[in-house]
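Note sheet for the following structure.
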Amino acid sequence: MATVERAALKWDYAPAPESRDAAPLKPRYDLFIGGKFVAPTDGTVVSTVNPATEEVLAEVAFAGPGDVARAVEAARAAAAGWAALPALERGKYLFRIARLIQERSRELAIVETLDGGKPIRESRDVDVPLAAAHFFSYAGWADKLSYAFAGRAHEPRGVVGQVVPWNFPLLMAAWKLAPALATGNTAVLKPAETTPLTALILAEIIEEAGLPDGVVNIVAGDGSAGAALVRSDVDKVAFTGSTAVGKEIQRALAGTGRGLTLELGGKSANIVFEDAALDQAVEGIIEGIFFNQGHVCCAGSRLLLQESVAEEVVRKLWARMERLRVGDPLDKNTDVGAINSAEQLARINDLVAAGEREGATRRSVACELPEQGYWFAPTLFLDVAPANRIAVEEIFGPVVSVTTFRSPAEAVERANNSAYGLAAGVWTDNGAKAFEVASKLRAGVVWQNTYNKFDPTAAFGGFKESGFGREGGPAGLAPYVRFAS
Ligand code: NAI
């Protein structure tokens with residue numbers, strides 16, 4: 001491994017840790033079924049840990065198949081009443097949830113960071129505000145659905161089963177629940193096994209907002225609870241997670257007539273042309289792959305550089321990487337936090353080792369990593385061949401692979417040469433080129449001269465193995481209704 005020593009910093013920030021006292025945790029969190037927090041009947045109770053320290057944060061009830069069935073029954077029992085409510089009233093509940101998320105935003109950000117390992121700057125400035133924004137946005141749509149659907153007659157699907165991953169635990173819960181509720185469905189949501197806490201605080205918020213019992217049920221659990229939920233008597237499934245599990249769910253639902261949307265992985269290309277503002281592009285590359293440890297489905301993990309500027313961009317990028325602050329996720333100055341779990345760290349290590357074996361040149365920042373917890377230093381790979389595993393497979397870690405191109409046509413061809421198609425970035429000062437290239441990219445989202453920017457009014461979703469269906473904006477409402485022919 002070729003490691004370059006971290007350049008000596010002339011000065012550094014003093015530690016600025018966020019206070020844990022602002023987010024007192026309960027010793028135990030139960031299942032939220034039928035408007036009550038209840039113990040599992042056939043599940044278990046597990047500890048949830050802080051991946052930055054391996055410290056146990058709380059005990060969490062995990063649902064067994066019987067518990068999942070109870071949650072689906074509760075959602076079924078609540079479905080007719082919720083659907084019959086005047087749409088304006090449904091909207092008011094969503095507004096209330098949004099306001100309560102804002103009121104508890106500091107606590108939610110701290111817990112998101114403790115349970116998942118992401119920097120507090122991300123939880124505080126991205127995850128929590130966007131979660132509130134999704135509830136606000138869909139609250140506004142609840143009584144305007146005829147505009148979203150151009151007057152087509154529609155009805156709620158009924159009960160929806162929603163399974164979310166660990167990289168944006170609260171935000172993914174908001175992405176799933178807000179449009180489902182706005183369109184008159186009831187829901188059973190299963191958070192990921194390593195990050196259940198903010199979804200369970202959201203359950204407290206939903207209770208406080210006074211939603212009728214059973215409209216939202218939140219059951220923590222592992223993959224077996226997810227498998228039980230997607231195979232249960234629900235009318236629609238929404239899943240975000242790995243492509244392998246997404247394919248398994250698709251097979252299980254084939255021929256059942258149940259609705260399905262899948263938001264799966266990605267191997268997104270971030271394309272930098274020679275006429276781009278290079279310093280700005282470097283900042284976008286950093287934001288696109290390192291700020292969230294690369295735990296982002298649309299992370300810009302394939303960096304495509306125009307040959308004439310490749311050396312300069314790599315030099316600037318490396319200089320910026322060396323100044324990334326890796327460490328305590330609760331510190332307000334931290335850029336790169338902890339890897340979410342030992343399993344995820346093992347996956348990153350495995351793919352990075354494959355990259356080295358296959359002959360790519362690895363450069364990892366020589367930063368000091370804490371002894372406890374799960375960590376991975378920001379890494380870039382040069383001399384990457386298109387067929388290398390690191391160029392093809394989703395790494396889901398702070399690792400970027402660099403390849404070069406000569407012409408816009410070659411950039412498009414390389415970018416599209418992927419089984420995935422979730423997102424892409426295009427950096428150029430030439431507006432016509434930006435639009436021309438973007439229109440040819442087979443990716444659900446294309447950012448121009450920016451990266452990883454989200455808005456509740458914009459649709460998000462993938463092509464090819466990145467999944468199907470859209471979330472966000474009016475497009476995110478359609479999967480939750482049935483149209484009259
Ligand atoms: P995963 O797909 O196993 O987990 C995602 C969610 O699905 C979790 O809530 C999990 O409990 C649930 N689940 C697991 N097995 C299930 C099943 N058979 N039926 C229904 N639900 C099930 O993903 P994992 O293992 O956490 O990560 C593996 C890889 O997946 C990552 O390295 C990354 O490449 C990718 N990934 C992609 C995400 C995205 O946002 N698209 C999010 C998380 C992971």
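Both counts, for ligands and for their atoms, begin at 1 and track the order of listing.
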- [ ] Assess the side chains of Lys464 and Ser418: does a donor N or O sit below 3.5 Å from an acceptor N or O?
- [x] no

Task: Protein residue, atom and distance nearest to atom 22 (C) of ligand 1, heavy-atom basis - done: Val245 CG1, 3.7 Å

Open item on the list: Return the closest protein heavy atom for atom 11 (O) of ligand 1 as residue, atom name and distance.
Closed with: Glu193 OE1, 2.6 Å

TODO: Pull out every atom of ligand 1 sitting under 4.0 Å from any heavy atom of Gly265, numbered as shown with elements.
DONE: 41 (N)

Task: Cation-pi geometry met for Lys118 and Phe168 (6.0 Å, 45°) - done: yes

Task: Neighbour count above 12 (heavy atom, 6.0 Å) for Lys332 NZ - done: yes

TODO: Would you tell me which option among Gly223, Gly221, Pro191 has the nearest heavy-atom contact to atom 13 (N) of ligand 1?
DONE: Gly223

Open item on the list: In terms of relative ring orientation, are Phe37 and Phe32 parallel, tilted or perpendicular, with 30° and 60° separating the classes?
Closed with: tilted

Task: Whether Phe168 lies under 4.0 Å from ligand 1, heavy atom - done: no

TODO: Dump the intermediate steps for ring-ring contact (aromatic ring centres under 6.0 Å, His included) on Tyr451 and Trp427, then the final yes or no.
DONE: CA-CA 10 Å; Tyr451 206 91; Trp427 297 84; 7.7 Å; no

TODO: Identify the protein heavy atom lying closest to atom 18 (N) of ligand 1, giving its residue, its atom name and the separation to 0.1 Å.
DONE: Glu248 OE2, 3.1 Å

TODO: Taking only heavy atoms of Gly226 into account, list the atoms of ligand 1 that are under 4.0 Å away from them.
DONE: 19 (N), 20 (C), 21 (N)

Task: Residue Lys190 vicinity, atoms of ligand 1 by number, heavy atom under 4.0 Å - done: 9 (O), 10 (C), 11 (O)

TODO: Considering the heavy atoms of Val163, write down every atom of ligand 1 situated less than 4.0 Å from one of them.
DONE: 6 (C), 7 (O), 9 (O), 12 (C), 21 (N)

Open item on the list: Can you check which of Glu263, Glu343, Arg347 brings a heavy atom nearest to atom 27 (O) of ligand 1?
Closed with: Arg347

Task: With Thr194 via side chain to side chain donor-acceptor pair (under 3.5 Å) - residues at least two apart - done: Asn340

- [ ] Would you please test Asp335 and Arg121 for salt bridge (Lys or Arg N to Asp or Glu O under 4.0 Å) and show each step?
- [x] CA-CA 8 Å; Asp335 297 310; Arg121 198 183 59 205; 2.9 Å; yes

Open item on the list: For atom 3 (O) of ligand 1, is there a protein heavy atom at a distance under 4.0 Å?
Closed with: yes

- [ ] Classify the contact between Val164 and ligand 1 as side chain, backbone, both or neither, using a heavy-atom distance cut-off of under 4.0 Å.
- [x] backbone

Open item on the list: side-chain contact (heavy atoms from CB on, under 4.5 Å), that's the test. Do Cys298 and Trp447 meet it? Break it down for me.
Closed with: CA-CA 11 Å; Cys298 46; Trp447 285 288; 3.8 Å; yes

Open item on the list: Ignoring hydrogens and geometry beyond distance, is a side-chain donor-acceptor pair present between Glu59 and Ser47 at under 3.5 Å?
Closed with: yes

Task: Nitrogen or oxygen atoms of Leu264 and ligand 1 under 3.5 Å apart - done: yes

Task: Which of the ligand 1 atoms, numbered from 1, are nearer than 4.0 Å to a heavy atom of Asp222 - done: 11 (O)

- [ ] Verify the ring-centre separation between Trp141 and Phe136: is it less than 6.0 angstrom?
- [x] no

Open item on the list: Looking only at protein heavy atoms, which one is nearest to atom 29 (C) of ligand 1, and what is the separation?
Closed with: Ser242 CB, 3.9 Å

Open item on the list: Quick one about Thr243 and Glu465 (side-chain donor to acceptor, distance below 3.5 Å, no hydrogens or angles considered), yes or no?
Closed with: no

- [ ] Nearest heavy atom to atom 38 (C) of ligand 1 wins, so pick from Tyr420, Phe239, Phe396.
- [x] Phe396

- [ ] Check ligand 1 against Ala192 and write out every atom of the ligand that is under 4.0 Å from a heavy-atom position of the residue.
- [x] 9 (O)

- [ ] Examine Trp166 against ligand 1 and note whether any of their N/O atoms are separated by less than 3.5 Å.
- [x] yes

- [ ] Please write down residue, atom name and distance for the protein heavy atom closest to atom 34 (O) of ligand 1.
- [x] Glu394 OE1, 2.7 Å

Open item on the list: Is it the case that ligand 1 has an N or O less than 3.5 angstrom from some N or O of Gln344?
Closed with: yes

Task: All side chain to side chain donor-acceptor pair (under 3.5 Å) counterparts of Glu283, not counting sequence neighbours - done: Arg320

Open item on the list: Can you see whether Glu122 engages Asn292 through a side-chain donor-acceptor pair at a distance of less than 3.5 angstrom?
Closed with: yes

TODO: For atom 37 (C) of ligand 1, state which one of Gly241, Gly397, Cys297, Pro165 supplies the nearest heavy atom.
DONE: Gly241

